[in-house]
J.: 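Okay, handing you the structure first.
Here is how names work: the chains are called A, B, and so on, in the same order as the sequence lines, proteins then strands, and each is numbered from 1. Since the structure is predicted, the reported quantities are computational estimates derived from the model, not experimental observations.
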Amino acid sequence: MIAQILIHVLFGMALSATGLYAAALYADNERAAWFSMIARRIFSGVALGLVVSAVILVVLILQHRFDYTYVWNYSSRELPLHLLIASFYSGQEGSFLLWTMFVALIGVVLTPYARRHSYEAPVMVFYGLIVSFLTLLLVAKNPFAYFHESFAADGLTIADVRDNGKGLNPLLHNAWITIHPPILFIGFASMSVSFAFAMAGLIRREYHRWIDIALPWTLFGTAVLGFGIMLGGFWAYETLGWGGFWGWDPVENSSLIPWLVVVALVHTMLVQKRTRGLVKTNMILAVASFVMVLYSTFLTRSGILGDTSVHSFVDPGKFAFWILLLFMVTFSAIGIVMVLRRRGDMNIHREEFSPTTREFMLSIGAALIMASAIFVTIGTSWPVFMEVLGLPKVAVAIEFYNRVHLVLVPAVLIVNALSLIFIWRSTPRAKIQSLVTYGAAVAAVATAVMVAIGINDVGQIVLAFTAWFSFAINLRIGIGIIGASPAMAGAYISHTGIALLIFGVITTSSYTESHHAVLVHGVPTPVGEYTLTYLGKEQVEKHYADREKFKYFVRIERGGSTETVAAVLYWSDFNKRQSPFLEPGIRWGLHNDLYVSPKATEREDLFQRTTIMRGTSIRAPYDSSVVIELERFTMPMEEEQTADGRMQMSAVLNVRTADSSAVLKARTKIATGASGPVFDPEWVQLPGSTMAVGLAEIARNNEDPTKSTGDLVFRDMSKPLPRPREVFTVDFSVKPWISLVWFGVITMVLGFAFSIVRYTRQIRKQKALVVTQDTPLTDTQA
Amino acid sequence: MKQLPWKYIIAGAVILALAWVGISALSDSSIEYATVDRAEKLGKTVQIIGTWEKSKGWNYDAQSNTFAFTLRDEQGALIPVELIGAKPNNFEAAVSVVVKGRIDDGVLKASNVLTKCPSKYEGQPTDAMPAS
């Protein structure tokens with residue numbers, strides 16, 4: 001109850017802090033300082049209140065208070081501590097709370113920072129508005145709703161509160177859920193900062209200074225969001241067994257789009273820092289990066305993409321849907337109106353770039369990255385566009401993204417290398433020639449080697465060449481710089497990381513060998529160049545009553561080396577144990593991963609089946625002189641029910657040998673299983689032989705019952721019945737150099753860390769000097 | 001300023017080229033949501049939203065790695081589906097499935113089957129858990 005009221009109060013407080021900051025903008029100095037002081041305190045109160053709300057929610061989850069709808073919906077008594085904490089943000093309400101809390105906490109750090117740069121009121125008025133919207137969203141999707149309130153329409157009361165919650169989807173039961181969503185939300189939250197600074201710059205009519213102040217924050221957001229996206233890919237690869245690290249799924253795209261925009265923004269901000277150009281572009285991109293966060297949230301949270309993604313989507317309810325839409329429209333409108341109002345001012349700052357300069361190449365690069373963002377947005381939104389236009393709903397296949405990026409990525413890599421070869425303002429021709437020749441030579445040799453090993457697709461060859469070109473240039477210039485001034489090497493480290501990532505993408509997409517393998521227990525089975533043996537299973541986590549979780553051990557041999565991996569099959573009450581959740585078994589390696597993705601497990605079929613249609617005959621598989629004719633099937637009412645309530649049917653068979661003929665009834669017991677009827681045949685000995693026949697399946701032909709078919713099985717009754725062995729079906733793949741994907745992204749993030757240090761230092765130094773608007777900044781750079 | 005037209009021509013050409021790449025990729029890879037009826041007429045890859053026809057069961061053949069079931073589309077038409085691959089997660093629990101594939105000889109050859117689960121979110125408590 002208190003928590004519900006608290007959320008409403010926080011919304012009011014956020015709104016009033018925003019109002020006070022707005023008042024501070026227009027008041028005289030003395031009153032403005034007073035307004036800001038009050039607003040600051042209220043804002044801190046909002047942040048504190050959000051932390052308190054989060055703590056309350058976590059405590060409610062830990063106490064298993066299933067009288068709260070959210071707690072009932074996403075947690076259960078069986079969950080271990082780290083997953084109980086993670087269930088705090090496993091649902092919509094909680095994840096909005098987490099996002100809002102991060103925005104508010106970042107705000108607490110941002111306030112004194114903005115104040116130091118005398119930017120508090122203009123920044124915080126926009127930032128406060130963002131927090132207001134987010135808290136309003138929490139009012140609409142309150143995580144503290146009571147069970148009996150949520151289901152009042154179904155006639156449920158407090159007496160109906162459950163003893164246990166529904167639990168967390170077993171696919172989410174691992175360490176990744178404890179870090180991936182928070183990191184992603186910190187990244188999302190940071191996007192608000194660049195937006196607020198850009199708007200503040202427009203209010204103050206200071207079109208350059210905000211760039212310096214906002215740059216470290218923008219770099220931070222880019223690094224964190226990029227890292228968060230990679231963790232998602234890693235999770236999909238490691239646990240969910242999707243086989244790859246990226247599938248162009250709408251949810252993946254929805255975090256990629258703002259990231260691409262903010263990457264473009266980082267580059268154009270650098271251009272403006274050095275040249276004073278691209279003023280309007282930076283404003284627009286700062287607005288776009290934030291609006292795309294909202295748009296992505298809207299796409300994935302409003303339920304409108306429900307049929308196109310592997311992620312579960314939810315209809316958040318009408319109210320929340322409209323708030324999300326209003327949120328997005330409001331901030332787009334604010335951005336557009338603010339930029340248009342200052343259009344005249346900003347046009348004064350136009351700069352012309354000559355093509356052989358770094359600023360020119362960085363601008364082109366940013367444009368290409370924006371093109372990628374636009375294509376991904378179009379692809380992801382396509383079903384929605386078509387629906388809004390009243391056309392037949394159409395989705396976009398993965399090939400769309402692959403095709404456009406096979407053009408865009410090589411272009412970006414070339415432009416990246418050129419932007420490093422060129423220097424600011426103008427570049428001597430001799431320097432261009434020597435570096436381009438060096439880069440092209442390295443790339444040509446390396447690509448030739450890759451072609452020799454086996455890439456033959458033109459697109460991949462171009463991609464490889466450009467990635468090597470960029471890699472060589474970055475490495476050469478970067479090494480020169482890291483010795484002189486490590487903090488300045490950030491860009492080179494990041495770009496090297498991107499080249500490594502692209503190498504990983506090429507090797508995994510071109511050289512991955514994938515095989516479908518049916519492994520009979522204990523039988524070594526050749527699969528490609530490897531021999532796989534299913535060794536048996538072991539139950540784990542036996543102390544939980546809600547699950548049966550098994551490790552399936554598979555031995556992988558090649559030459560003299562032997563590895564054993566364990567794939568996991570997991571039957572859970574979560575889906576009433578109807579089918580297992582699957583986790584791959586992976587042998588990690590630097591130069592390749594061996595990836596065993598489980599598909600199914602079953603008992604082997606001991607007997608060869610022979611299908612026979614009514615009114616036709618077959619020859620017995622053990623003796624071709626014996627003819628068996630299927631006369632008809634008996635109806636269940638002709639037969640008795642078994643003691644355990646199963647119905648029975650029989651095949652009426654005419655069996656003719658050279659010297660005799662007999663009519664047999666092969667009866668079968670039929671039970672209803674999850675995947676349809678399950679047949680249990682009774683063996684009927686055939687005359688003059690030790691062989692017996694059984695009816696293993698009936699396939700009824702509904703249109704023409706006289707054409708129904710049956711499956712017959714035969715066995716030798718003089719021999720004991722063999723025990724069926726377990727058959728484990730897997731997809732086995734060898735993924736060369738997939739480690740480069742993870743290593744590349746981590747290197748990229750590391751580069752960002754260097755740059756954050758560099759620009760934070762720079763702005764401290766600048767504050768020590770007195771900054772005037774018109775002096776271009778000077779920092780020593782090659 | 002005399003160089004300006006050049007710049008605009010190059011920029012325009014690059015934008016046109018990118019737009020062409022995008023549009024041609026889009027038209028080649030767009031997949032319509034269709035009913036069984038329409039999918040049969042189109043004869044190309046589509047997505048069909050429907051439900052699993054439980055009375056017909058499902059079958060997974062490990063040797064050929066084929067998962068088969070019968071789909072009932074939103075208009076009630078039935079079609080057998082064959083997916084190369086394992087049974088999708090949460091298949092039984094799904095309230096609806098989205099099958100991507102093309103109809104060939106009366107069989108929907110699927111390249112992908114998405115399952116939509118209701119229970120996870122905003123579920124009715126009455127059927128999700130036994131009351132305490």
J.: Given that the side chain runs from C-beta out, which part of A/Val518 has a heavy atom under 4.5 Å from chain B: side chain, backbone, both or neither?
T.: side chain
J.: Do any of residues 35-44 of chain B come closer than 4.5 Å to chain A, heavy atom to heavy atom, and if so which ones, in number order?
T.: none
J.: So, taking the atom named CG in A/Asp249 and the one named CG in B/Leu114, what distance separates them when rounded to the nearest 0.5 Å?
T.: 8.0 Å
J.: Given heavy-atom pairs under 4.5 angstrom as the criterion, report whether the side chain, backbone, both or neither of A/Val407 touches chain B.
T.: side chain
J.: Against chain A, work out which of B/Ile31, B/Val97, B/Thr45 has the most heavy-atom pairs shorter than 4.5 Å and name it.
T.: B/Ile31
J.: Within residues 21-30 of chain B, which residues come under 4.5 Å of chain A, heavy atom to heavy atom?
T.: B/Val21, B/Gly22, B/Ser24, B/Ala25, B/Leu26, B/Asp28, B/Ser29, B/Ser30
J.: Measure A/Ile378 against the heavy atoms of chain B and call it side chain, backbone, both or neither at under 4.5 Å.
T.: side chain
J.: Please look at A/Phe353 and chain B and tell me whether the side chain, the backbone, both or neither of the residue comes under 4.5 angstrom of a heavy atom of that chain.
T.: backbone
J.: Counting only heavy atoms closer than 4.5 Å, note whether A/Asp731 contacts chain B via side chain, backbone, both or neither.
T.: side chain
J.: Under 4.5 Å from any heavy atom of chain B, what part of A/Ile364 do you find: side chain, backbone, both or neither?
T.: neither
J.: Is there side-chain contact between A/Leu368 and B/Leu18, with heavy atoms separated by less than 4.5 Å?
T.: yes
J.: If you count heavy-atom pairs under 4.5 Å between each of A/Met386, A/His516, A/Glu399 and chain B, which one has the most?
T.: A/His516
